[in-house]
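Predicted, not measured: the structure shown is a model, and the values here were computed from it. In what follows, residues are counted from 1 in the order of the sequence shown.
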Amino acid sequence: MPLSANNPDRKSWLHVDKNSDFPIQNIPFGVFLTRDDIITIGTRIGDTAIDLGALHQLGYFEGIALTDDIFLQDTLNDFIADGRKTWRAVRNRIAEIFDSENTRLKNNVKHKEIVLFRLDEIEMQLPVQIGDYTDFYSSIEHATNVGTMFRDPDNALLPNWLHIPVGYHGRSSSIVPSGIPVHRPQGQTLPTGAAEPVFGPSKLIDFELEMAFITTDANDLGEPIPVEEAEEYIFGLVLLNDWSARDIQKWEYVPLGPFLAKNFASSISPWIITLDALEPYRVEGPKTIKPQLDYLQYKGKKSFDINLEVSIQPKGAKESVVSKSNFKYMYWNMAQQLAHHTVNGCPVNSGDMMGSGTISGPTPDSYGSMLELTWKGEKPIKMKDGSERKFINDNDTVIMRGFCEKDGTRIGFGEVSTKLLPVYSKK
């Protein structure tokens, strides 16, 4: 099925600002609560939210094999489980409906009142019920920086890093959408020079600039997914801030890896941008340093040119940009990550989320965490209000944005914005 929704010459009869992340070529998917307190699956063009449940009930998806309630749900899981053929048919149809040359809905005032919402009339929700969450460690710059800090430059990368996409199985219960604040966690840390740990609030809260991909039902127990087929099972991507408590992490991560330092919160952008929408922005990935085993070898362009930015906004002050990076820097791509995740027969389900790992680039201003940007706090960053940051302070808001741009067309992710609150206190 052709990707007619991606036609760069298509214009919408809905208003779209010149630098909008959501032109008619994007057509993301999300879940929102309407002004009538109805939860629905929707999409967005410009600053207009579109109720796909209402659109379907009004007959605009005739000819596409969809169940009556496919969009009348509080998660995208069932829609995602229908597979790429359905995703593509629905995106193409939405593009047709809102094309400037199509008057069917454009001239139907009654239907427009039912289907269309201003952004201030809706409340975005978590787009999928995330059953399983895996976080990878796939930026060679990030892994090298961290290894240099905590080991030595000559042994920055552990022996397995260039051979496998390193990852760990995380938790999904504390993944929240943009706009939901999170609390500073407490836990055990080992103060410098101390022989015994202490308990208390983490003093070194950090962001991790990541992207995450959402999967569909992919394989049976015991069945690997070949690297060349992996993208067929990836629905789309979101921005991910994988919060980290560095002092808790340093004490607990040996021998089994991250635990309380990571499971207190992860924040994602609410609109899932489909892999189809990102098709024009494919690029070559970094050159491999060592030969990879056959099951990880691939053909074609599997990386994506996605510009990324992180800002910190102190309470009552303007935001300050602290990092500019790009998804194309990832050494291990999504296809390799999914192939490796399933090579042992691990089944993948609709709505599973897989984080890229911190995305750091080759220059200091492109590092994807405060740990790197301030080099363990040794080089504080100055904010626009004159204050300094080594890590994230209480009541700071961390904002991540991402977009692709080529030949005059921009496809963006919006933002994931999260405020860090003090340690939770029961009222």
Side-chain angles (χ1 to χ4, degrees), residues 135-158 161-162 165-166 204-212 237 239-244 246 278 281-290 301-313 318-334 336-337 355-384 387-392 396 398-406 410-413 415-416:
D135 193 33
F136 286 94
Y137 187 54
S138 292
S139 161
I140 193 168
E141 289 86 0
H142 175 67
T144 301
N145 288 338
V146 174
T148 299
M149 283 183 222
F150 294 110
R151 286 187 296 276
D152 65 84
D154 294 333
N155 297 288
L157 292 179
L158 291 172
W161 200 94
L162 293 170
V166 174
L204 307 180
I205 296 298
D206 200 356
F207 64 77
E208 287 191 345
L209 171 62
E210 301 194 26
M211 302 208 67
L237 286 83
L239 299 169
L240 166 64
N241 180 356
D242 195 28
W243 293 91
S244 296
R246 298 299 185 187
L278 298 172
Y281 307 98
R282 289 182 179 273
V283 291
E284 298 283 351
K287 293 224 181 323
T288 57
I289 295 173
K290 287 193 174 183
K301 298 176 180 179
K302 301 290 187 184
S303 296
F304 293 85
D305 184 6
I306 304 174
N307 300 292
L308 299 167
E309 176 184 284
V310 185
S311 293
I312 297 174
Q313 184 176 21
K318 293 182 178 180
E319 64 180 78
S320 300
V321 175
V322 297
S323 175
K324 286 181 177 286
S325 193
N326 196 297
F327 191 47
K328 68 183 179 183
Y329 296 138
M330 302 304 290
Y331 187 85
W332 297 101
N333 60 52
M334 293 182 288
Q336 290 174 308
Q337 289 171 341
S356 62
T358 304
I359 303 165
S360 291
T363 57
D365 61 343
S366 64
Y367 295 162
S369 67
M370 293 296 279
L371 179 68
E372 298 164 90
L373 289 165
T374 69
W375 209 256
K376 293 190 296 182
E378 295 170 7
K379 302 174 183 178
I381 298 174
K382 183 162 280 192
M383 302 286 102
K384 285 183 178 178
S387 62
E388 291 186 337
R389 293 294 182 278
K390 296 180 179 180
F391 289 90
I392 307 302
D396 282 349
V398 177
I399 306 163
M400 296 179 176
R401 299 182 177 94
F403 69 93
C404 311
E405 198 158 27
K406 182 181 179 182
R410 174 186 173 115
I411 300 294
F413 290 76
E415 66 180 35
V416 53

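Looking at Val321 and Ser311, their side chains come closer than 4.5 Å, going by heavy atoms from C-beta outward. Using a 4.5 Å cut-off on side-chain heavy atoms (C-beta onward), Met370 and Ile381 make contact. Side chains of Met400 and Phe207 form a contact here, defined as non-hydrogen atoms less than 4.5 Å apart. Between Pro286 and Ile140 the shortest side-chain heavy-atom distance does not fall below 4.5 Å.
Here Tyr329 and His142 keep their ring centres 6.0 angstrom or further from each other.
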Between Arg151 and Leu158, is a side chain to side chain contact (heavy atoms under 4.5 Å, CB included) present by the stated rule, with each step listed? CA-CA 10 Å; Arg151 286 187 296 276; Leu158 291 172; 3.8 Å; yes
Criterion side chain to side chain contact (heavy atoms under 4.5 Å, CB included) on Lys328 and Ile306, from CA distance to verdict: CA-CA 7 Å; Lys328 68 183 179 183; Ile306 304 174; over 6 Å; no
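Using a 4.0 Å cut-off between charged side-chain N and carboxylate O, Glu284 and Lys301 make no salt bridge. Using a cutoff of 4.0 Å between basic side-chain nitrogens and carboxylate oxygens, Arg246 and Glu208 are scored as salt-bridged. Looking at Asp396 and Arg389, a side-chain N of the basic residue comes within less than 4.0 Å of a carboxylate O on the acidic one, giving a salt bridge.
Considering every non-hydrogen atom in both Ser369 and Asp206, the closest pair reads CB-OD2, 3.5 Å. Contact detail for Gly285 and Ser303: the closest heavy-atom pair is CA-OG, 3.3 Å. Shortest non-hydrogen contact noted between Trp375 and Lys379 is CB-CD, 4.4 Å. Heavy atoms only, all atoms of each residue included: Asp135 and Gly357 are closest at OD1-N, 3.6 Å. Shortest non-hydrogen contact noted between Leu373 and Pro364 is CD2-O, 3.3 Å. Considering every non-hydrogen atom in both Gly368 and Thr358, the closest pair reads O-CG2, 3.4 Å.
Looking only at atom types and distance, the side chain of Glu372 has a donor-acceptor partner in the side chain of Ser360 under 3.5 Å away.
Panel note: side chain Ser320, backbone Lys384; a donor-acceptor pair is recorded below 3.5 Å. Within the 3.5 Å criterion, the main-chain N or O of Met383 finds no donor-acceptor partner in the side chain of Ser387.
Ring geometry for Tyr137 against Trp161 counts as perpendicular: the plane angle is over 60°, on a 0 to 90° scale with 30° as the lower cut.
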